[in-house]
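Scroll down for the structure; my scribbles are underneath it.
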Amino acid sequence: MTLRRILVTSALPYANGPIHIGHLVEYIQTDIWVRFQNLRGHRCVYMCADDTHGTAIMISAQREGVPPEQFIEMMHAAHVRDFTSFDIRFDNYGSTHSEQNRRMCALFWKAMREADLVVQREVTQLYDPLAGVFLADRFVKGTCPNPNCRAPNQYGDSCDRCGYTYSPTDLIDPVSTISGAKPELRSAPHLFLQIEKLHDFLEQWTQSGDHLQPEIANYLKGHFLQEPLRDWDISRPTPYFGFEIPDSPGNYWYVWFDAPIGYIGSTLQWCERTGENLDHWWRDSRTEIHHFIGKDITYFHCLFWPAMLKAAGVNLPKKVHIHGFLTVNGEKMSKSKGTLIRAETYRKHLDPAYLRYFYASKLSSRVEDLDLNFEEFALKINSDLVGNVVNLASRTARFLEGQTLSETYPDDGGLFAQAAAEGEAIAEAYESCDYGRAIRIILAAGDRANRFVEQAAPWNLKKDPARRQELRDACTIGLNLFRQIVVYLAPVLPRLAEQTGRLLNDPIISWSQSQRPLTGRRVEKYTHLMTRVPKEGIEAMTQESLEQESARPAEASQAAPAAPRDDNAPLQAEPLLPETISIDDFAKVDLRVARIVAAEEVPGADKLLKLVLSLGGDQERTVFAGIKKAYRPDALVGRLVICVANLAPRKMRFGVSEGMILAAGPGDSQVFLLAPDAGAKPGYRVH
RNA sequence: GGGCCUGUAGCUCAGCGGUUAGAGCAGGGGACUCAUAAUCCCUUGGUCGGGGGUUCGAAUCCCUCCGGGCCUACCA
């Protein structure tokens, strides 16, 4: 095997918000690939940076009342912290707002000029006279110009009600979302790159050489390459947070010009820090460049970026790996459903290794969306990792604690050799980003190993002192099969690999360790390498994500919505009671937090659901609640509610109801359960 | 409207021209008790979305229809 020199990047996250679990698909995918390459002995470095420029950042910084430089610094620290906590290991994590990047941009710019790709044209755009900035489409809102629609509060590019597309100047009563001012038309000179001049090159590059997944090559051919490529507007007039264009004062490079150059800027920063040579990595054709990106930024990376690289005489990527989006429980991530989960929130409640493994098991080389279903997530971790893989060590290491593995590897009926032989197939799957396939092969080896342990039954051998060596041999085999699997999983689960290295006193650092059994090593005391997914962790995480959303509604819609005015209908329907009660009256009602542990429909009842509530310990209540038209039973299980615990049991046609749960609303489908905030435990009394 | 992808067991998926269509999980039955209610054995379950065609032979190739997803709709 010849050693490769590889430079890998993930898309630069925008420094305008925290990292969430959708971002992590990409960084985990990339990190696994990089770790895999290094494990195989190749030289593979991983470059990334924050994408820090543009109007959006400028506005966010203003809103926070800090200069943009300070704003992006705070974001940078938060991003680094998040990535680190998910074991995503960059060789350099820079910023597009760095001196190195400014230098690289200037270099590219010079090349663009020399290749005669730059032209200047006037662009007329809406301008916010109050804020003093030009407005991109999404910073303008107004009424949809479609005479059949006229939906208010629509963005400047298209109407999300009727789907009509238009220019922001078509909007009726347009308003700047930045200042609320009425925008006016203004024109300014912009600089454009004529990438049509590189059309032939792009056609050839995208359609040959396996640089892109087939569906992407196809997509580009059908969508962009069929007609002349439009000039690309790569400048923005002041004020703009970014780099001023050296030979065009008052104009700044558009964020999408300096962002991909950030890959190189970050590499340069790394070179300056480590003494590496930049040309070695970006101008030497023996180096492979691999970009990992999401499908949303395909054309930047597959058309503009190759065009820029080509014009600048820099290496083109060997491959752009494109992945789909994350959905959660089958739907787009949603703030209101608590499924837009920040990396930080996840980490507070669940082990990052779970997410790494889950994503790995679902990823393929296709541009497909990936669904994170929490039920499947818990099931997969528990049965694949805890039940199958880690269990192997758990059930054999204890018999050999403080002792050593057999001096020569015993006859295991060919199990180790078989899994060793499968190493190449696993490696190929990793190489082509088909991690799901790799995992499947690895788990099959785990199944065989568990079967072996079952047959060898070390727990029986242990009973007979005369069979000590047999016991030692059986556990030597079990632990070796386990370790072999851990080597294969090391790119996905680096911590498990580290722990296993310590358990067997032999750090896992190379793929080749999967090909040779380990003998004679001392076995350390076994402690759990991974625990089962705590169900309440998933709940708490979702809850917390929901609360984060409701805690900051102000910035959600810049158009300053009127303060909500609550209407009078509910009180008219059910007037306030005239009598007052004493605190003692209230204290007679024993309200408790309860968890719904079971919920089912009641045959023959239109409105009732039968619920089983846990009040903590072994206290349970069966309650019939009239909420069937508002809630699906399966959506209720696990939820925390408030129940009246000391209500006298009441016999109903369908059984005895032992309490009530609290809910509000007029009835039927308009019923709303009361729920405690995150952190409450079943059994807590409501005071 | 156009383009791409997709529809195989309850769920997640593998198989992509060749013996009676597979795996994991879930379900059912049994065993074991070393292990984090983990593990092992047996087992239920599919007209491979529908219909046409090509072929000696199709889940696999072609056409068409239906369902799901994504991207687009003169925006890059």
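Proteins get letters first, then strands, A, B, ... in listed order; numbering begins at 1 in each. Remember, it's a predicted structure, so these values are computed and weren't measured experimentally.
For the P atoms, the distance linking B:C48 with B:C11 amounts to 16 Å, nearest Å. B:G68 sits 23 Å from B:C62 when the C1' atoms are compared, rounded to a whole Å. With P as the reference atom, B:C41 and B:C4 are 46 Å apart, rounded to whole Å. Separating the C1' atom of B:U64 from that of B:G27 is a span of 38 Å, rounded to the nearest Å. Across the C1' atoms, B:U55 and B:U43 are found 38 Å apart, a figure rounded to whole Å. The C1' atoms of B:C63 and B:U54 are separated by 10 Å, rounded to the nearest whole Å. The gap from the P atom of B:A21 to that of B:G67 amounts to 30 Å, rounded to the nearest Å. As rounded to the nearest Å, B:A59 and B:A9 have P atoms that lie 15 Å from one another.
One atom, CD1 of A:I439, and another, P of B:A14, lie 14 Å apart when rounded to the nearest Å. When the P atom of B:G69 is taken as reference, atom CG of A:N373 falls 17 Å away, rounded to whole Å. Rounded to an integer number of Å, the gap from CG of A:D231 to P of B:A76 is 10 Å. Rounded to whole angstrom, the span from the CZ atom of A:F399 across to the P atom of B:U33 amounts to 12 Å. Between the CZ atom of A:F377 and the P atom of B:U12 there is a distance of 17 Å, rounded to whole Å. At whole-Å resolution of the value, CH2 in A:W305 and C1' in B:A76 are 18 Å apart. Rounded to an integer number of Å, the gap from A:D434 CG to B:A14 C1' is 10 Å. Taking atom OH of A:Y219 as the reference point, atom P of B:C70 lies 15 Å away to the nearest angstrom.
Remark: A:R522 engages A:E524 in a salt bridge, criterion side-chain N to carboxylate O under 4.0 Å. Under 4.0 Å is where a charged nitrogen must lie from a carboxylate oxygen, and between A:D371 and A:K362 no such pair does. Electrostatic pairing of A:D369 and A:K295 counts as a salt bridge here, judged by a charged N lying under 4.0 Å from a carboxylate O. Using a 4.0 Å cut-off between charged side-chain N and carboxylate O, A:D231 and A:R121 make a salt bridge. In summary, A:R437 and A:E428 do not engage in a salt bridge, as defined by a charged side-chain N under 4.0 Å from a carboxylate O.
With B:U36, B:G15, B:U39 as the choices, the nucleotide that has an atom nearest any side-chain atom of A:R437 turns out to be B:G15. Of the candidate nucleotides B:G24, B:U12, B:C41, B:C41 has the atom lying nearest to any side-chain atom of A:R451. If you check B:U33, B:C70, B:U39 against the side chain of A:K295, the one that comes closest is B:C70. Side-chain proximity of A:R366 to the nucleotides B:A14, B:A35, B:U6 is greatest for B:U6. Residue A:R440 has its side chain nearest to B:C13 when only B:C13, B:C5, B:U39 are considered. In the set B:A38, B:C4, B:C70, the nucleotide with an atom closest to the side chain of A:N391 is B:A38.
Neither OP1 nor OP2 of B:A35 sits under 4.0 Å from any side-chain N or O of A:R398. Phosphate contact (OP1/OP2 of B:A38, side-chain N/O of A:R532, threshold under 4.0 Å): present. A close approach under 4.0 Å does not occur between any side-chain nitrogen or oxygen of A:R395 and OP1 or OP2 of B:C40.
Between A:H53 atom NE2 and A:T55 atom OG1 the span is 12.0 Å, to the nearest 0.5 Å.
Checking B:U33 for Watson-Crick or G-U wobble geometry (two distances, each under 3.5 Å) identifies no partner in any strand. Across all strands shown, B:C25 is found opposite B:G10 as a Watson-Crick or G-U wobble partner, with both distances under 3.5 Å. Remark: B:G46 base-pairs with no nucleotide in the shown strands. Criterion, Watson-Crick or G-U wobble with two distances under 3.5 Å. Across every strand in view, B:G57 sits unpaired, with no contact that passes the Watson-Crick or G-U test at under 3.5 angstrom.
Residue contacts shown for A:D296 are absent, as no nucleic acid heavy atom lies under 4.0 Å away. Here A:F304 lies in heavy-atom contact (under 4.0 Å) with sugar-phosphate atoms only. Among the atoms of the strands shown, none is found under 4.0 Å from any heavy atom of A:K462. Contact annotation for A:V390: base contact, defined as any heavy-atom pair under 4.0 Å involving a base atom. Nucleic acid contact class of A:L385 (heavy atoms, under 4.0 Å, all strands): none. Across all strands shown, A:Y526 has heavy atoms under 4.0 Å from base atoms, whether or not it also approaches the sugar-phosphate. A:N460 comes within contact range of no nucleotide atom at all, as no heavy-atom separation falls under 4.0 Å. If you check every strand for non-hydrogen atoms under 4.0 Å, A:N450 touches sugar and phosphate atoms only. Contact annotation for A:K380: no contact, since no heavy-atom pair falls under 4.0 Å across all strands.
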So A:D233 and A:Y254, side-chain contact (heavy atoms from CB on, under 4.5 Å) or not? Walk me through it. CA-CA 8 Å; A:D233 183 354; A:Y254 175 46; 6.0 Å; no
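Without hydrogens or angle criteria, A:N373 side chain to A:V328 main chain gives no donor-acceptor distance under 3.5 Å.
Mapping A:E376 and A:F325 onto RNA chain B via the closest heavy atom, the residue that lands nearer the 5' end is A:E376. Of the two residues contacting RNA chain B, namely A:R230 and A:P458, the nearest-nucleotide position lying further toward the 5' end is that of A:P458.
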